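Scroll down for the structure; my scribbles are underneath it.
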Amino acid sequence: MTARSSPIRPESMSPVRQRGTVWTGLHEVPSDWRGCAVTMGVFDGFHRGHAALVRRVRERAARHGLPSVLLTFDPHPLAVTCPERAPRRLASLDERVRSAHGLGIDVVLVLPFTPVLAGMAAAEFADRVLGHTLGARAVVVGENFRFGRGGGGDTALLGHAGRRLGFTVDAVPLVSHDGRTCSSTLIRSRLAAGDLKGAEELLGRPWRATVLEVPPARPEPTAGKPVDSTSPGPAE
């Protein structure tokens, strides 16, 4: 079985060794791949909102009789496009992979977020990654998802691309808990403030600290404003 070539492939990348299928770049997608239902984002921390995306993409995969794929970006897009704004991670890449497989995802695609990918227009990303390489039949994202150069792509653009490329788009509403939108940014803020209980309520599970340090609290997003939705890369 051969694999597709891709100009996005980095010169080197450490393999992720977990149970289940993991691809560490587009070059590892089999050439005879027959399509999938895919959800995409950073998925840092795997909070309640991320779990909702996984549930929906598994439903869509079952409906089409296809595998479910979780596409995650690594490193965080802001580490490439705006390093001074890059957040500390809530979870390592290995932990994200384990969480995805634990929730029933068939394949995790780790897409290296390189300057080349950061400069790719949203429409080109949809064509090359979702259409040509993955053969997506269903795409599931959060309603505030942004992607492509300068964050120029949104769910409306995805819908337009889907009509052309043959995939449906689910824009899943943001998940709230006790009146607050579950987001990686808010969880970091809770942890930095020492509010472990508040962080765990947003996560929907116990917090498992890693060696990754959480930075001091930053001002929280304005109420109603999508988290990281205007950043040059996908929302968390």
Side-chain angles (χ1 to χ4, degrees), residues 6-14 16 23-27 38-47 49-50 53 70-97 100 108-131 133-134 139-158 161 171 174 181-189 192 210 212-222 225-236:
S6 168
I8 302 175
R9 179 178 180 175
E11 293 183 0
S12 63
M13 183 175 180
S14 299
V16 181
W23 298 328
T24 56
L26 296 179
H27 60 285
V38 59
T39 184
M40 53 185 175
V42 179
F43 294 95
D44 192 20
F46 253 98
H47 53 65
H50 297 146
L53 295 178
L70 183 144
L71 188 163
T72 185
F73 301 90
D74 191 72
H76 193 289
L78 285 175
V80 174
T81 61
C82 193
E84 65 275 13
R85 290 182 54 207
R88 297 290 182 90
R89 296 176 297 172
L90 291 171
S92 68
L93 178 57
D94 283 356
E95 287 169 328
R96 276 184 275 161
V97 171
V108 176
L109 168 58
V110 181
L111 194 57
F113 200 87
T114 64
V116 172
L117 184 59
M120 184 180 292
E124 183 180 2
F125 180 93
D127 285 352
R128 294 173 60 186
V129 178
L130 300 177
T133 305
L134 290 178
V139 175
V140 175
V141 294
E143 64 182 357
N144 67 336
F145 183 75
R146 306 295 294 236
F147 69 106
R149 184 172 58 237
D154 57 10
T155 56
L157 187 148
L158 268 180
L174 303 181
T181 299
C182 297
S183 73
S184 302
T185 300
L186 184 55
I187 292 167
R188 291 187 194 101
S189 177
T210 70
L212 304 170
E213 179 184 355
V214 176
R218 297 178 180 177
E220 295 181 4
T222 303
K225 179 181 179 181
V227 177
D228 283 345
S229 65
T230 58
S231 63
E236 294 184 299

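A quick note: this is a predicted structure, and the numbers were derived from the prediction, not measured. Counting begins at 1 with the first residue of the sequence.
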Let me see the working for T72 and H50 under side chain to side chain contact (heavy atoms under 4.5 Å, CB included), right down to the final yes or no. CA-CA 11 Å; T72 185; H50 297 146; over 6 Å; no
Determine, stepwise, if the pair L130 / V38 fulfils side chain to side chain contact (heavy atoms under 4.5 Å, CB included). CA-CA 8 Å; L130 300 177; V38 59; 4.0 Å; yes
Audit row: V129, M40, side chain to side chain contact (heavy atoms under 4.5 Å, CB included) steps and yes/no: CA-CA 11 Å; V129 178; M40 53 185 175; over 6 Å; no
Using the side chain to side chain contact (heavy atoms under 4.5 Å, CB included) rule, take L70 and V97 through it: C-alpha gap first, then chi angles, then the decisive distance, then the call. CA-CA 9 Å; L70 183 144; V97 171; over 6 Å; no
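Distance check: L26 CG to L71 CG gives 7.5 Å after rounding to the nearest 0.5 Å. The structure places CG of N144 at 4.5 Å from CG of L174, a figure rounded to the nearest 0.5 Å. Atoms CG and OG1, from L109 and T39 in turn, are 12.0 Å apart once rounded to the nearest 0.5 Å. The distance from the CG atom of L158 to the CZ atom of R146 is 10.5 Å, given to the nearest 0.5 Å. Atom-to-atom distance recorded for S184:OG and H47:NE2 is 4.0 Å, nearest 0.5 angstrom. The distance from atom NE2 of H27 to atom OG1 of T133, rounded to the nearest 0.5 Å, is 12.0 Å.
Residues L53 and G142 approach most closely at CD2-N, 3.6 Å, considering heavy atoms. Across all non-hydrogen atoms, the minimal contact from F113 to A118 is CE2-CB, 3.6 Å. Taking each heavy atom of A91 and G45 in turn, the nearest pair found is CB-N, 4.0 Å. When all heavy atoms of G49 and C182 are compared, the closest pair comes out as N-CB, 4.3 Å. Between L117 and P112, the shortest heavy-atom contact is CD2-O, 3.5 Å. Closest of all the heavy-atom pairs between R188 and L90 is CG-CD2, 3.6 Å.
By the 30° and 60° cut-offs, the orientation of the rings of F125 relative to F73 is tilted.
Applying the side chain to side chain contact (heavy atoms under 4.5 Å, CB included) criterion to T155, with sequence neighbours excluded, gives V141, A171. The salt bridge (Lys or Arg N to Asp or Glu O under 4.0 Å) check on E124 picks up R128, with sequence neighbours excluded. Residues meeting the side chain to side chain contact (heavy atoms under 4.5 Å, CB included) test with A122, sequence neighbours left out: F147, L157.
Contact of the P77 side chain with the V42 side chain is registered, since non-hydrogen atoms from C-beta on lie closer than 4.5 Å.
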